Amino acid sequence: MTPIQQCIRKKEIKLRPIWLMRQAGRYLDEFREIRKLNTNFIKLCLNSNLSSEITLQPLKRFDLDAAIIFSDILLVPYALGQKVEFRKDFGPELGNIDLESISKTEELDFFKKLLPVYKSIEKVKNNKLVSKKDLIGFVGAPWTLLVYMINKCSPKQKLKKDFFKDKYLIKEILLILEKFLKIHIENQIKSGATIIQIFDSWAGLIDDENLKEYIYIPTLNLVNFIKSLHVPVICFPREIRNYQEYCKIIKPDVINIDYSTNPEKIRKEIDIVVQGGLDPKILLTNKDKLKAEAKKYLEIFKDHPYIFNLGHGVLPKTDPQMVDYLIKFVKSYY
Ligand code: CP3
């Protein structure tokens with residue numbers, strides 16, 4: 001059993017497994033080199049030779065316990081026929097939402113569009129660098145994907161005033177997302193993913209009265225589906241105000257916390273496996289600060305099953321040597 005699976009399934013506390021969100025990405029020269037030649041980000045994600053190579057890049061450098069497949073949560077709206085583009089220094093930009101055409105998406109077309117992702121997972125799985133490690137597949141939570149699909153770009157700090165105007169559209173999109181996310185999850189598992197992480201990056205934007213309808217119910221349906229496939233599920237409801245209630249209702253195998261959340265409070269309130277928390281900005285400072293901050297998390301969770309990770313993705317300006325230092329520090333911490 002891999003260190004992460006031992007942590008999740010056996011509640012083993014001594015191994016201190018580690019992987020990092022966005023561990024493959026712009027802070028690595030070898031990624032930037034490929035990216036420079038491949039200006040269309042979606043096409044890059046759908047090139048299984050390149051996406052599998054990028055997935056493995058951080059594993060060649062660092063002693064990580066998992067690979068996370070190089071892809072993006074917005075490939076699902078793309079495969080449902082919505083236009084998705086990534087603009088430099090702006091981020092994702094989506095086209096208008098056309099419910100009629102999205103509703104007509106055929107399962108086979110959706111599968112064919114995402115087939116390169118599954119091929120990439122198979123390629124990574126067959127590489128000896130991951131033979132004793134986990135391979136993490138992922139999806140965006142229905143809520144976060146809905147935010148992108150309706151808002152058509154990153155919402156930054158708040159939703160547009162008329163976001164909830166068309167309740168019918170929202171309800172239909174959530175149902176379509178649930179159906180196709182299950183297909184995408186199952187295919188990632190069939191291709192070799194050993195864990196699924198659900199990214200709910202915009203969970204913090206929703207008010208309490210809407211939590212149940214837009215986050216709890218759709219996420220719970222996915223979590224129960226993943227559990228039925230006997231694969232552990234990690235949930236990351238970024239900046240959600242009440243992690244305790246979220247865990248009580250959703251019951252994921254692992255909860256990833258963000259960096260604005262108090263880890264002491266989490267340790268006291270939550271009894272499931274915890275992942276993450278460290279502020280990725282700490283990696284931009286110096287080794288002493290990094291060591292002190294990493295130690296804080298290791299100490300707080302020393303008697304709790306804990307997977308070391310960040311409270312959000314590795315930032316593009318990060319020095320890979322700091323990442324190396326962090327991983328070695330965590331691995332050698334008594
Ligand atoms: O973690 C990993 O290393 C795996 C790959 C991965 C990417 N995106 C690659 C990527 C994962 C897990 C994601 C998830 C994702 N994508 C999320 C959830 C996590 C989070 O960040 O909150 C979200 C919201 C997206 C949508 C998205 N993709 C945005 C908003 C952006 C632009 C902003 C940014 O951070 O660059 C992307 C682009 C993206 N996805 C890049 C990478 C490596 C950068 C692409 C580039 O080279 O320009």
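Here the structure is a predicted model, which means the values were calculated and not measured.
- The only member of Leu44, Val124, Asn38 that meets side-chain contact (heavy atoms from CB on, under 4.5 Å) when paired with Ile54 is Leu44.
- The OG1 atom of Thr318 lies 9.5 Å from the CG atom of Leu28; values are rounded to the nearest 0.5 Å.
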**Request:** Could you give me the CA-CA distance, side-chain angles and deciding distance for Tyr148 and Glu93, then say whether side-chain hydrogen bond (donor to acceptor under 3.5 Å, both in side chains) is met?
**Result:** CA-CA 8 Å; Tyr148 281 105; Glu93 190 173 44; over 6 Å; no
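- Ring centroids of Phe163 and Trp143 are separated by less than 6.0 Å, placing the two rings close together.
- Taking a cutoff of 4.0 Å between a charged side-chain nitrogen and a carboxylate oxygen, Lys119 and Glu122 do not qualify as a salt bridge.
- Remark: Lys179 engages Glu107 in a salt bridge, criterion side-chain N to carboxylate O under 4.0 Å.
- Residues forming a side chain to side chain contact (heavy atoms under 4.5 Å, CB included) with Asp319 (at least two apart in sequence, or on another chain): Gln321, Met322.
- When side chains are defined from C-beta on, Arg16 does not count as touching Ile307, because their heavy atoms never get closer than 4.5 Å.
- Side chain to side chain, Ser48 and Ser120 fail the donor-acceptor criterion of an N or O pair below 3.5 Å.
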**Message:** With side-chain hydrogen bond (donor to acceptor under 3.5 Å, both in side chains) as the criterion, how do Asn210 and Tyr216 come out once you've worked through the C-alpha distance, each side chain's angles and the decisive distance to 0.1 Å?
**Reply:** CA-CA 9 Å; Asn210 284 320; Tyr216 290 162; over 6 Å; no
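- Between Phe301 and Tyr297, the two ring planes are parallel [angle under 30°; tilted spans 30° to 60°].
- Centroid-to-centroid, the aromatic rings of Phe31 and Phe70 come within less than 6.0 Å.
- No cation-pi contact links Lys295 to Tyr333, judged by a cut-off of 6.0 Å to the six-membered ring centre and 45° from its axis.
- Checking side-chain atoms of His312 against main-chain N and O of Arg238 turns up no donor-acceptor pair under 3.5 Å.
- Of the inter-residue distances, the one linking Ile42 atom CD1 with Asn47 atom CG reads 13.0 Å to the nearest 0.5 angstrom.
- Judged as a salt bridge (charged side-chain N to carboxylate O under 4.0 Å, His left out), and not counting sequence neighbours, the contacts of Lys331 are Asp65.
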